[in-house]
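These notes are about the structure you will find just below.
The first residue of the sequence shown is numbered 1, and numbering continues consecutively from there.
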Amino acid sequence: MPRPDSPGGILQEAASLSWPAQLSGDGHWLHCKRHRCFVWVPAPETVGSLGCGQVARWEHKTRKMSKAFGSPYLACYALGGAILLLNILRSHCFTQAMLSQPKMESLDHPVAYCVGLVLLGTGSLFVLSSFLALGFTGTFLGDYFGILKEARVTTFPFNILDNPMYWGSTANYLGWAIM
């Protein structure tokens, strides 16, 4: 067997591990034998993106949520709360999936851990500063409820990146996975 630091060695090392979450197919569906969270990681994101986006578009066309809640702000807060709960579920599933997987030897090193921490810190900075710049309704689809900012936000981090929340969230999950 080649050494892990030789060409192709890392792939062979990963393939030779006894994975606790090996996937097996039953025709059309892949399912996880022991760690179902590994398979469920994308579910909250899918439901959140598709479902909440559809609800927001429906609200934009009909304003029924605003009428039901008595205020577009309350309706936006309710949808934002649902999005936050789905994000908590996604983070829990991601954590469980990462904890259930073996760690590659090449990532079990203080330098890799520090790289993960830097990514996590940078990602958190972008996400939190974006939230502070946009506010709750600016972050959670307030424009669909008729809640608009007076002007385009051009302060940090929007003066550095076009989509700092997306990049920050991506850096968070990458850093978390490396750690």
Side-chain angles (χ1 to χ4, degrees), residues 21 23 28-32 35-101 113 115-179:
L23 297 177
H28 299 292
W29 298 99
L30 288 176
H31 63 279
C32 186
H35 299 283
R36 287 198 166 76
C37 244
F38 183 73
V39 177
W40 285 103
V41 169
E45 186 64 34
T46 303
V47 169
S49 297
L50 296 177
C52 293
Q54 290 291 20
V55 168
R57 283 188 284 281
W58 173 74
E59 166 62 18
H60 183 67
K61 289 180 185 175
T62 66
R63 299 286 186 230
K64 289 190 178 185
M65 279 185 69
S66 294
K67 291 174 189 168
F69 281 92
S71 160
Y73 285 91
L74 288 176
C76 183
Y77 295 145
L79 184 61
I83 292 169
L84 284 173
L85 289 174
L86 287 167
N87 285 342
I88 291 168
L89 178 62
R90 176 190 61 199
S91 293
H92 170 73
C93 289
F94 183 83
T95 301
Q96 294 305 310
M98 290 295 102
L99 291 174
S100 72
Q101 302 303 308
Y113 188 81
V115 168
L117 274 178
V118 167
L119 283 168
L120 195 59
T122 304
S124 296
L125 175 70
F126 284 142
V127 169
L128 292 174
S129 59
S130 298
F131 179 80
L132 292 173
L134 293 172
F136 191 90
T137 57
T139 301
F140 294 107
L141 306 170
D143 53 335
Y144 287 92
F145 292 85
I147 305 167
L148 303 173
K149 296 292 231 180
E150 290 181 18
R152 181 182 170 111
V153 177
T154 57
T155 59
F156 181 81
F158 293 95
N159 60 352
I160 295 175
L161 295 169
D162 284 337
N163 300 299
M165 270 199 182
Y166 293 126
W167 286 108
S169 183
T170 301
N172 282 340
Y173 284 105
L174 180 60
W176 205 349
I178 290 172
M179 289 173 45

When rounded to the nearest 0.5 angstrom, what is the spacing between CD1 in I83 and CD1 in I88?
-> 12.5 Å

Mind checking the OG-OH spacing from S130 to Y166? Nearest 0.5 Å is all I need.
-> 11.0 Å

Would Y144 and V55 satisfy side-chain contact (heavy atoms from CB on, under 4.5 Å), going step by step from the backbone distance to the final call?
-> CA-CA 9 Å; Y144 287 92; V55 168; over 6 Å; no

Would you name the heavy atoms of A56 and L141 that are closest together and state the gap between them?
-> CB-CD1, 3.8 Å

To the nearest 0.5 Å, atom CG of L89 lies from atom CG of L84 at 12.5 Å

Start with the C-alpha gap between T154 and N159, add the side-chain angles, then the distance that decides, and say whether side-chain contact (heavy atoms from CB on, under 4.5 Å) holds.
-> CA-CA 5 Å; T154 57; N159 60 352; 5.6 Å; no

NE2 on H60 to CZ on F145, rounded to 0.5 Å | 11.5 Å

Minimum heavy-atom separation for E59 to K64, with atom names?
-> OE1-N, 3.4 Å

Do other residues, nucleotides or ligands put more than 12 heavy atoms under 6.0 Å from the CZ atom of F156?
-> yes

For W176, look at atom CH2 and say whether over 12 heavy atoms of other residues, nucleotides or ligands are found less than 6.0 Å away.
-> yes

Measure up the F131 and F136 rings against each other and bin them: parallel (under 30°), tilted (30 to 60°), perpendicular (over 60°).
-> perpendicular

Verdict with supporting geometry, M65 and W58, side-chain contact (heavy atoms from CB on, under 4.5 Å) = CA-CA 9 Å; M65 279 185 69; W58 173 74; 3.5 Å; yes

So Y77 and T137, side-chain contact (heavy atoms from CB on, under 4.5 Å) or not? Walk me through it.
-> CA-CA 7 Å; Y77 295 145; T137 57; 3.8 Å; yes

Taking only residues two or more places apart in sequence, or in another chain, which ones meet S91 in a side-chain hydrogen bond (donor to acceptor under 3.5 Å, both in side chains)?
-> Y173

